[in-house]
K.L.:
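Questions regarding the structure given below will be posed in turn.
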Amino acid sequence: MTRKSTVEEIKNRFDNDVERFSVLQTGQSSTVDAPLTLEIISAGAAAHHPNATAILDVGCGAGNYTLKLLEKLPNVQTIDLIDLSRPMLDRAAERISAVSTASVTTHQTDMRELDLGANKFDVITAAATLHHLRTDEQWEMMFTKFYNALKPGGSFWVSDLMTHDIPAVQDILWGKYGDYLSDLKDEAYRDHVFDYVGKEDTPKPLSYQLRLLDKVGFSQAEILHKNTVFGAYVGIK
Ligand SMILES: C[S@@+](CC[C@H](N)C(=O)[O-])C[C@H]1O[C@@H](n2cnc3c(N)ncnc32)[C@H](O)[C@@H]1O
């Protein structure tokens, strides 16, 4: 395996990409079906918890997921935002404060380093960020922390880049993703995205993540969406 980006390298890349991630359609154009997934997750979380008061957005970027949730959840009182990048957190807090009186706490840290507490959140979202976790131990530790941090009945909503265990399936779907990127811009853009994914990301299969939900104690899980190498799911505590 080639050397993967360090936490500092990932932080520096996102520090310089705040503008792009402040508009969902442009920030996430390299993600297949990003607007649809955002809509499904925000609508699903709001329908499951119409009276949610406490939410946590992990790897929040410029806050798109929290902003969309707030459109549908009028009773939110506390919002916790975690991101490596201070400029991302500042932008997210500014955008959220413009539309909500909820108390916003920003945590500039590697998600692996933060104590998330117990029985605190109705809703946790993690969009396009868990693929930065590296080892099985880290994945299990984070899923355990998310489970513990949720209130009973709370929910954990994920959308992300995903791999596939069966090599033929991975090859076909990765090729389809390449076609998507070439059609979106051109082959140079495809190669640029493939280059930073190769350097920076260590995604896991959807099946792996669903098994891990079960292993750490989530009582229910649903697949919300899957298209080429992107997927979304929810786990209920
Ligand atoms: C692709 S952006 C997605 C932002 C946002 N969730 C969205 O969907 O618009 C990924 C974000 O995860 C953050 N991130 C990456 N690794 C992280 C880590 N280990 N701990 C906390 N945040 C991390 C990056 O700084 C970046 O802002």
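Every number for a ligand or one of its atoms is a count from 1 in the order of the listing. The analysis underlying the following values was restricted to heavy atoms, covering all of them including side chains, and did not include hydrogens, waters or symmetry mates.
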K.L.:
Distance under 4.0 Å to a non-hydrogen atom of R112: what atoms of ligand 1 satisfy this?
P.N.:
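Those atoms are 19 (N).
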K.L.:
Go through ligand 1 atom by atom and flag the ones less than 4.0 Å from a non-hydrogen atom of D110.
P.N.:
18 (C), 19 (N), 20 (N)
K.L.:
Please tabulate, for the side chains in residues 230-237, all donor-acceptor contacts under 3.5 angstrom to protein atoms that are two or more places apart in sequence or on a different chain.
P.N.:
{"residue": "Y233", "atom": "OH", "partner": "Q209", "partner atom": "OE1", "Å": "2.6"}
{"residue": "K237", "atom": "NZ", "partner": "N119", "partner atom": "OD1", "Å": "3.2"}
{"residue": "K237", "atom": "NZ", "partner": "Y147", "partner atom": "O", "Å": "3.0"}
{"residue": "K237", "atom": "NZ", "partner": "L150", "partner atom": "O", "Å": "2.7"}

K.L.:
Check whether N75 reaches the backbone of N51 with its side chain - one donor and one acceptor, N or O, closer than 3.5 Å.
P.N.:
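No: the side chain of N75 does not pair with the backbone of N51.
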K.L.:
Has Q138 got a side-chain atom pairing as donor or acceptor with R134's backbone, closer than 3.5 angstrom?
P.N.:
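Present.
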K.L.:
Got a sec, which pairs hit side-chain hydrogen bond (donor to acceptor under 3.5 Å, both in side chains) with one end in residues 166-194, sequence neighbours left out?
P.N.:
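Pairs touching residues 166-194 that pass the test: H164-Q170.
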K.L.:
Would you mind running through ligand 1 and noting each atom that sits below 4.0 Å from a heavy atom of T129?
P.N.:
12 (O), 13 (C), 14 (N), 15 (C), 23 (C)
K.L.:
Is H132 touching ligand 1 with its side chain, its backbone, both, or neither, if touching means heavy atoms under 4.0 Å apart?
P.N.:
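H132 to ligand 1: side-chain contact only, backbone stays beyond 4.0 Å.
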K.L.:
Using a heavy-atom cut-off of under 4.0 Å, does the side chain or the backbone of T109 touch ligand 1, or both, or neither?
P.N.:
backbone
K.L.:
Could you tell me whether some N/O pair between G59 and ligand 1 is separated by less than 3.5 angstrom?
P.N.:
yes
K.L.:
Does any N/O atom on A128 come nearer than 3.5 Å to any N/O atom on ligand 1?
P.N.:
no
K.L.:
For the residue pair Y208 and D165, confirm or rule out a side-chain donor-acceptor distance under 3.5 Å.
P.N.:
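Note: Y208 and D165 side chains miss the donor-acceptor criterion.
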K.L.:
Do D57 and T125 have side-chain N/O donor and acceptor atoms under 3.5 Å apart?
P.N.:
yes
K.L.:
Determine, for F21 and R91, whether the Lys NZ or Arg CZ falls below 6.0 Å from the six-membered ring centre while staying within 45 degrees of the axis.
P.N.:
no
K.L.:
In terms of atom number and element, which parts of ligand 1 are under 4.0 angstrom from non-hydrogen atoms of Y65?
P.N.:
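Matching atoms, with element in brackets: 8 (O).
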K.L.:
Look at the side chain of T31 and the backbone N and O of A34, then say whether any donor-acceptor pair between them is shorter than 3.5 Å.
P.N.:
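Between the backbone of A34 and the side chain of T31 there is no qualifying donor-acceptor contact (under 3.5 Å).
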K.L.:
Which one holds for C60 and ligand 1: side chain close, backbone close, both close, or neither close, with close meaning a heavy atom under 4.0 Å?
P.N.:
backbone
K.L.:
Which of the atoms in ligand 1, numbered in the order shown and given with their element, are less than 4.0 Å from a heavy-atom of M111?
P.N.:
18 (C), 19 (N), 20 (N), 21 (C)
K.L.:
Please could you name the atoms of ligand 1 that F21 approaches to less than 4.0 Å, counting only its heavy atoms?
P.N.:
1 (C), 2 (S)
K.L.:
Just by distance, no angles: are the side chains of S29 and R20 close enough, under 3.5 Å, to form a donor-acceptor pair?
P.N.:
no
K.L.:
Considering D83, N64, L84 one by one, which has a heavy atom nearer to atom 25 (O) of ligand 1 than any of the others?
P.N.:
D83
K.L.:
Heavy-atom contacts under 4.0 Å between K11 and ligand 1: side chain, backbone, both, or neither?
P.N.:
neither
